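One structure below.
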Amino acid sequence: MSTRPTPLIAGNWKMNGLAASLDELTALAEALTAEPVRARVAVCPPATLVERAARAAIGSAVEIGAQDCRAEQSGAFTGDVAAEMIADCGATLVILGHSERRSGYDETDSMVCAKVLAALRAGLEPIVCVGETLEERRAGRAVEVVRGQVTGSLPDALRGKAFSLAYEPVWAIGSGLTPSLAEIGEVHQAIRETLTARFGEVSSTVAILYGGSVKPGNAAEILSIEDVGGALVGGASLKAADFLGIIRSA
Ligand code: PGA
């Protein structure tokens, strides 16, 4: 019934990577040139590597993103990076509202929403992350929490714009644990319904990624779930060979 969005497989390097790590990016880019895939592929290195990564990816199928941005365009915000600065480095995407930022920096839905507006202002495509904690899941509140985060983190200005969402249960990130396929499907369906209620049928083109302990060994079954339109991959994106194993499953 709906147009399936092109899957997006995005790697989140988190605070990992020095200049030498770009060899992994180059290996990934070369492999995708030799063996094109159906999915969009993105790598989001730490801010220090965004510009070099963007240069290294020129002419390849790999898109480059950042992992966060400040909502303001410029000003006295020591240590922060504006969306415009990320775009100026050659990136085209930005991860926003990752749970490590929501929990570690007290980022609220409204702060994430302001960052999404900043990304749009700078011409970056946002990947907006949502996901429940273990306590919330155990209390039977996963769907309710995620629906609330989707509603609060997405500005109306996203209507008609390219963006994606990533459902990442906090307890599945870096833990080796994943929800059951049925649990992932349930939350993705709820996200799709929330998007459709908000933005209309056009939201069927928005990719909803799953993230949290995605590995080459579980990617195919996760990516085959209805409404799972890709993956946001942390640890397994650091090595080109592992990441390619996931990408080939899409
Ligand atoms: P993980 O991280 O794949 O290492 O669990 C996913 C993420 O935090 O985006």
Side-chain angles (χ1 to χ4, degrees), residues 7-17 21 24-25 28 39-47 49-50 53 62-69 86 91 93-107 112 115-116 119 124-134 136-137 142 145-146 149-150 153 163-181 183-184 187-188 191 207-223 225 228-250:
L8 170 62
I9 310 294
N12 173 10
W13 283 11
K14 309 193 180 187
M15 199 176 75
N16 297 292
S21 315
E24 296 295 329
L25 174 64
L28 175 68
R40 293 173 65 196
V41 176
V43 169
C44 303
L49 288 180
V50 167
V62 183
E63 303 173 45
I64 300 298
Q67 300 170 12
D68 180 42
C69 72
I86 294 165
L93 298 149
V94 61
I95 298 169
L96 295 172
H98 190 281
S99 72
E100 285 153 18
R101 301 217 47 99
R102 288 180 184 265
S103 66
Y105 298 86
D106 295 328
E107 283 191 13
V112 176
K115 291 179 178 209
V116 173
L124 296 172
E125 179 179 332
I127 302 172
V128 183
C129 303
V130 295
E132 83 285 357
T133 62
L134 191 55
E136 288 163 341
R137 173 154 290 276
V145 166
V146 169
Q149 288 174 333
V150 170
S153 304
F163 70 101
S164 54
L165 278 153
Y167 167 54
E168 301 202 298
V170 177
W171 52 275
I173 294 175
S175 65
L177 303 171
T178 53
S180 70
L181 301 185
E183 286 168 336
I184 296 173
V187 177
H188 277 245
I191 293 174
I208 307 172
L209 321 186
Y210 168 78
S213 298
V214 178
K215 305 268 180 299
N218 63 13
E221 59 177 8
I222 291 174
L223 290 167
I225 302 171
V228 172
L232 183 54
V233 185
S237 72
L238 294 171
K239 292 276 171 236
D242 293 340
F243 197 37
L244 276 164
I246 295 169
I247 291 164
R248 289 193 186 107
S249 308

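Along the sequence shown, the residues carry numbers beginning at 1. Because the structure is a prediction, the values reported are computed rather than measured. Whatever order the structure lists ligands and atoms in, that order sets their numbers, starting from 1.
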Per-atom contacts, ligand 1 versus Gly212 - under 4.0 Å to a heavy atom: 5 (O)
Ligand-side contact atoms (ligand 1) for residue partner His98, heavy atom cut-off under 4.0 Å: 7 (C), 8 (O), 9 (O)
Please identify which atoms of ligand 1 are closer than 4.0 Å to at least one heavy atom of Ser213. 1 (P), 3 (O), 5 (O)
Test applied, side-chain contact (heavy atoms from CB on, under 4.5 Å); reference residue, Tyr210; option that passes from Leu181, Thr178, Ile225, Val233: Thr178
Distance under 4.0 Å to a non-hydrogen atom of Glu168: what atoms of ligand 1 satisfy this? 6 (C), 7 (C), 8 (O), 9 (O)
What protein heavy atom is closest to atom 2 (O) of ligand 1, reported as residue, atom name and distance in Å? Lys14 NZ, 3.3 Å
Identity and distance of the protein heavy atom lying nearest atom 4 (O) of ligand 1: Gly235 N, 2.9 Å
Check if Lys215 has a non-hydrogen atom at a distance under 4.0 Å from any atom of ligand 1. no
Which residue in the set Val130, Val170, Thr133 passes side-chain contact (heavy atoms from CB on, under 4.5 Å) when paired with Ser99? Val170
Sub-4.0 Å heavy-atom contact, Gly174 with ligand 1: yes
Partner of Ile222 under side-chain contact (heavy atoms from CB on, under 4.5 Å), chosen from Leu209, Ile246, Val228: Val228
What protein heavy atom lies closest to atom 3 (O) of ligand 1? Include the residue and the distance to one decimal. Gly234 N, 2.8 Å
Applying side chain to side chain contact (heavy atoms under 4.5 Å, CB included) to Leu96 and Asp68, what does each step give before you reach the verdict? CA-CA 5 Å; Leu96 295 172; Asp68 180 42; 4.1 Å; yes
Within the 4.5 Å heavy-atom criterion, are Leu244 and Leu28 side-chain neighbours or not? yes
How far does CD of Glu100 sit from CE of Met15, to the nearest 0.5 angstrom? 10.5 Å
Going by heavy atoms, is Ala236 under 4.0 Å from ligand 1? no
Supply the atom-to-atom distance Leu25 CG to Leu49 CG, rounded to the nearest 0.5 angstrom. 9.5 Å
Salt-bridge contact Glu168-Arg102 (side-chain N to carboxylate O under 4.0 Å): no
Within the 4.0 Å heavy-atom shell around Asn12, which atoms of ligand 1 are there? 9 (O)
